[in-house]
Asks: 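Sharing a structure with you now.
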2 protein chains.
Amino acid sequence: MDTTDIKSYMYFVGQEARAASRLIAKADTATKNQALIAMANAIRRDESLLLAANAKDLENARAKDLEASMIDRLALSAKGVAAMTEGLMQIAALADPVGEISGLNYRPSGIQVGKMRVPLGVIGIIYEARPNVTADAAGLCLKAGNAAILRGGSEAINSNQAIAACVKEGLRLAGLPETAVQVIETIDRAAVGELITMENFVDVIVPRGGKGLIERITKEARVPVIKHLDGVCHVYIDDEADFDKAVRIADNAKTQRYGTCNTMETLLIHAEIAPRILPVLNKIYIDKGVELRGDETACDIIPQIKAATEQDWYEEYLAPILSIRIVAGLEQAIDHITKYGSQHTDAIVTENYTRARRFLREVDSSSVMVNTTPRFADGFEYGLGAEIGISTDKIHARGPVGLEGLTSQKFIVLGDGQIRQ
Amino acid sequence: MDTTDIKSYMYFVGQEARAASRLIAKADTATKNQALIAMANAIRRDESLLLAANAKDLENARAKDLEASMIDRLALSAKGVAAMTEGLMQIAALADPVGEISGLNYRPSGIQVGKMRVPLGVIGIIYEARPNVTADAAGLCLKAGNAAILRGGSEAINSNQAIAACVKEGLRLAGLPETAVQVIETIDRAAVGELITMENFVDVIVPRGGKGLIERITKEARVPVIKHLDGVCHVYIDDEADFDKAVRIADNAKTQRYGTCNTMETLLIHAEIAPRILPVLNKIYIDKGVELRGDETACDIIPQIKAATEQDWYEEYLAPILSIRIVAGLEQAIDHITKYGSQHTDAIVTENYTRARRFLREVDSSSVMVNTTPRFADGFEYGLGAEIGISTDKIHARGPVGLEGLTSQKFIVLGDGQIRQ
């Protein structure tokens with residue numbers, strides 16, 4: 001396929017995807033599972049091929065002096081290959097969401113009305129670095145009955161093409177069209193511009209990557225986007241919090257992993273409990289090398305804490321840095337989250353029934369939690385099996401997006417000859 | 001408020017809506033119902049004021065020589081006022097969707113994960129002519145916990161402002177902010193351009209009107225759009241159809257009302273049953289003044305039928321015209337619907353179990369029906385209570401959009417101090 005004329009190439013890809021999506025939508029569960037298992041087998045068998053392709057990408061990346069963090073995400077290990085295999089096997093084991101019928105009730109007119117879960121059609125996925133997304137995304141889209149067009153980062157092109165060969169083999173062995181999963185074969189950026197504006201061929205775009213990528217795509221897309229912007233997550237420790245739970249959660253929320261979107265970035269503490277709990281937390285954080293930036297009251301309690309600036313409250317550090325604010329109560333905590341948060345994941349620690357209920361109802365984030373750590377905001381932890389991303393949007397899907405988020409529901413109506421009067 | 005500087009005016013409206021949406025989101029069910037009932041009472045009381053405002057709009061419309069159909073939709077009668085009142089009372093009687101918790105299950109980690117239904121935030125509604133939309137949309141948005149910005153047609157400005165006064169009175173009497181429902185006070189078209197691009201203040205746009213309006217809005221919007229494009233609805237009469245049901249349904253689907261989006265525009269008939277059923281249907285349609293346009297086979301059976309052109313299969317007539325095609329079977333019927341349909345509502349008439357199941361699964365439309373008329377595709381008939389429109393989109397909401405379509409779901413997680421390992 002000639003990929004130099006990007007417009008024609010993408011038009012061709014789009015047409016093929018739309019045609020394949022019709023066949024994948026009606027593929028039965030066993031056939032889709034057979035394809036997923038065959039993909040996993042091919043990836044397991046081709047481990048050394050995949051690692052060799054990845055080595056080539058890494059070499060190019062180093063020659064181009066790419067950032068260390070980028071190279072880190074690009075690198076595929078034998079463990080990474082095993083994780084892809086396992087991921088596909090897990091997706092095969094999940095219940096098929098397609099065709100699920102719910103709420104089929106009789107109406108006074110005599111017709112019976114319900115909903116049937118159906119695929120979205122064609123999903124475009126745009127991602128950076130991590131080559132494992134190629135297998136994960138292909139598997140999730142297929143199980144949900146969709147065709148997929150995958151556009152990985154140019155730095156991972158060899159790894160992605162090698163994985164794509166395994167994916168296509170799996171589709172072929174199950175008798176499904178190989179065009180059900182297409183990996184864009186050019187590194188020309190114009191391909192992204194085409195992909196996100198082909199409304200006739202693409203039903204939804206899922207971008208995965210840095211804020212820059214996502215903002216650019218959202219701005220230019222004509223196709224609906226399920227996006228994850230940033231994770232400025234909060235934990236609020238109420239004065240009626242259980243002291244031990246609060247310490248455990250505030251510790252875990254920040255220090256279990258620093259670079260994830262569901263890591264706590266700002267800790268809010270009720271003024272009544274702050275003088276008792278902040279010294280305990282301060283010691284834990286200092287021992288783990290976390291830099292603290294506090295408001296005036298926090299700095300009064302622990303003079304070693306650096307003063308936070310207004311900008312700190314908006315910051316997604318993705319690093320061992322934590323901002324701390326002392327608040328007068330629930331109201332002020334919710335106001336802070338509303339103003340500075342990113343509607344990703346926020347938690348309250350309290351034993352107070354009414355405040356827990358108010359926090360759950362009034363905090364407008366994709367995940368809202370009581371007495372546990374925001375680190376749990378994750379497709380696997382939620383039992384979705386796997387996720388294609390975490391949506392901070394309000395439309396269609398909020399929070400971790402698994403198979404269900406890659407489907408829609410249509411109405412079905414069963415009658416016995418009824419007509420409308 | 002100065003409405004000449006459109007950008008500043010709309011920014012102000014957006015800011016007010018966002019602030020109001022926070023209060024409406026946490027308003028309790030009784031308060032929202034109280035507001036809805038007070039709105040209904042105000043509209044009932046102000047009937048003569050509303051009719052006078054509408055008379056002014058009608059006078060202007062006639063002076064401007066607007067189309068008869070536009071004037072028709074603009075006209076408000078005493079019956080129309082009563083329908084608005086009744087609509088609001090019905091919305092008050094519906095269950096409150098906000099805060100509904102579902103699927104709260106324990107995970108192996110010990111946390112309990114579920115979903116809570118939440119408002120979308122701020123809904124922008126852009127509509128033409130029909131002033132009753134002002135009351136319906138305000139009521140639905142309020143009950144679903146959203147703030148609304150309404151932009152009616154310039155030709156209905158006096159009617160809409162009069163209805164808006166009643167809506168605001170209802171909000172005020174219930175102690176809710178009047179800014180929860182704002183009706184744009186300028187007829188400047190630039191206001192629409194601002195509304196559909198204020199991503200910080202508006203969460204979703206619902207356009208209601210002609211295809212031109214909707215295409216323009218979809219093209220220019222930066223805010224997600226829930227749209228209804230057109231309704232090219234089909235009925236397929238299978239050779240294993242019950243003859244009487246098929247006649248009854250094909251009649252009702254076309255002739256019960258001509259101008260609605262869920263009216264049948266193309267009738268597909270299996271070749272085996274066509275020679276028997278087409279003469280019967282032909283007589284019914286001719287008696288009711290419906291013009292028939294058929295493919296070659298249909299014209300062979302009834303020589304009086306006009307020949308259909310390729311364009312006819314794409315046409316939403318909204319008129320007493322029907323195109324008829326004779327097909328070889330289910331496969332060809334589904335192919336026709338896939339190619340020419342608008343994914344609105346399509347029905348099969350058959351007694352064959354397997355074909356009914358295949359039609360339900362494989363036809364990718366917002367409503368798919370067996371042995372009944374597409375005319376049932378309607379919020380009231382489906383038991384949604386009321387609808388803000390019928391979505392032909394795949395993302396978020398498909399088919400009639402009622403209260404549920406104006407909400408989203410967030411994850412809630414209840415813990416007892418669990419942390420992530």
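The model shown is predicted, which means the values in this text are computed figures rather than measured ones. Chain identifiers are assigned alphabetically (A, B, ...) following the order of the sequence lines, protein sequences preceding nucleic acid strands; residue numbering begins at 1 within each chain.
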Asks: Are side-chain heavy atoms of B:I101 and A:L360 found at a separation under 4.5 Å?
Replies: no
Asks: Against chain A, label B:S365 side chain, backbone, both or neither, depending on which of its atoms sit under 4.5 Å from a heavy atom there.
Replies: backbone
Asks: Just give me the residue among A:R420, A:K410, A:K394 that pairs up with chain B most often, heavy atom to heavy atom, under 4.5 Å.
Replies: A:R420
Asks: Does B:L120 reach the side chain of A:I395, with side-chain heavy atoms less than 4.5 Å apart?
Replies: yes
Asks: Quick check: closest heavy atoms across A:Q418 and B:I249, and the distance to 0.1 Å?
Replies: O-CG1, 4.3 Å
Asks: What pair of heavy atoms forms the shortest contact from B:R361 to A:M116, and how long is it?
Replies: CA-SD, 4.1 Å
Asks: Quick check on the interface: out of A:V204, A:I226, A:D378, who has the most heavy-atom pairs with chain B under 4.5 Å?
Replies: A:D378
Asks: Tell me, side chain or backbone of B:V363 under 4.5 Å from chain A's heavy atoms, or both, or neither?
Replies: backbone
Asks: Less than 4.5 Å apart, side chain to side chain, heavy atoms only: is that true for A:D416 and B:N371?
Replies: no
Asks: So which of A:R257, A:E199, A:R248, A:R358 has the biggest tally of heavy-atom pairs under 4.5 Å with chain B?
Replies: A:R248
Asks: Quick check on B:R107 against chain A: is it the side chain, the backbone, both or neither that has a heavy atom closer than 4.5 Å?
Replies: side chain
Asks: Name the one of B:I390, B:T345, B:L384 that satisfies side chain to side chain contact (heavy atoms under 4.5 Å, CB included) with A:F411?
Replies: B:L384
Asks: Find out whether A:M369 and B:I412 are in side-chain contact, i.e. whether some heavy atom of one side chain is under 4.5 Å from a heavy atom of the other.
Replies: no
Asks: When you compare the side chain of B:D251 with that of A:I419, does any pair of heavy atoms fall below 4.5 Å?
Replies: no
Asks: If you count heavy-atom pairs within less than 4.5 Å of chain A, which of B:D393, B:V118, B:D203 leads?
Replies: B:D203
Asks: Please determine whether the number of non-hydrogen atoms from other residues, nucleotides or ligands lying under 6.0 Å from atom OH of B:Y106 exceeds 12.
Replies: no
Asks: Any idea which of A:Q421, A:E362, A:R222 has the most non-hydrogen atom pairs under 4.5 angstrom with chain B?
Replies: A:R222
Asks: Could you have a look at B:V370, B:D364, B:L414 and say which one has the most heavy-atom pairs with chain A under 4.5 angstrom?
Replies: B:V370
Asks: For A:T338, does its backbone N or O pair with a side-chain atom of B:R22 as donor and acceptor, under 3.5 Å?
Replies: no
Asks: Is the number of heavy atoms from other residues, nucleotides or ligands within 6.0 Å of CZ (B:R357) greater than 12?
Replies: no
Asks: For each of B:I111, B:N252, B:D244, tally heavy-atom pairs with chain A at distances under 4.5 Å, and name the one with the top tally.
Replies: B:N252
Asks: Please classify the contact between B:V113 and chain A as side chain, backbone, both or neither, with a heavy-atom cut-off of under 4.5 Å.
Replies: side chain
Asks: Out of A:K115, A:H396, A:Q112, return the one with the most heavy atom pairs under 4.5 angstrom to chain B.
Replies: A:H396
Asks: Looking at B:Q409 and A:R398, what are the two nearest heavy atoms and their distance?
Replies: O-CB, 3.3 Å
Asks: Of the backbone (N, CA, C, O) and the side chain (C-beta and beyond), which part of B:E351 lies under 4.5 Å from a heavy atom of chain A, both, or neither?
Replies: neither
Asks: Answer with side chain, backbone, both or neither: which region of B:F380 has an atom nearer than 4.5 Å to a non-hydrogen atom of chain A?
Replies: backbone
Asks: Name the region of B:P108, side chain, backbone, both or neither, that has any atom closer than 4.5 Å to a heavy atom of chain A.
Replies: neither
Asks: Between A:G114, A:P224, A:S109, which residue shows the highest count of heavy-atom pairs closer than 4.5 Å to chain B?
Replies: A:S109
Asks: If I measure from the heavy atoms of chain A, does B:N262 come under 4.5 Å with its side chain, its backbone, both, or neither?
Replies: side chain
Asks: Answer with side chain, backbone, both or neither: which region of A:S366 has an atom nearer than 4.5 Å to a non-hydrogen atom of chain B?
Replies: backbone
Asks: Quick one: what part of B:D242 sits under 4.5 Å from any heavy atom of chain A, side chain, backbone, both or neither?
Replies: neither
Asks: Does any backbone or side-chain atom of B:A221 lie under 4.5 Å from a heavy atom of chain A? Answer side chain, backbone, both or neither.
Replies: backbone
Asks: Which one, B:N105, B:V368, B:T373, leads in non-hydrogen pairs under 4.5 Å with chain A?
Replies: B:V368
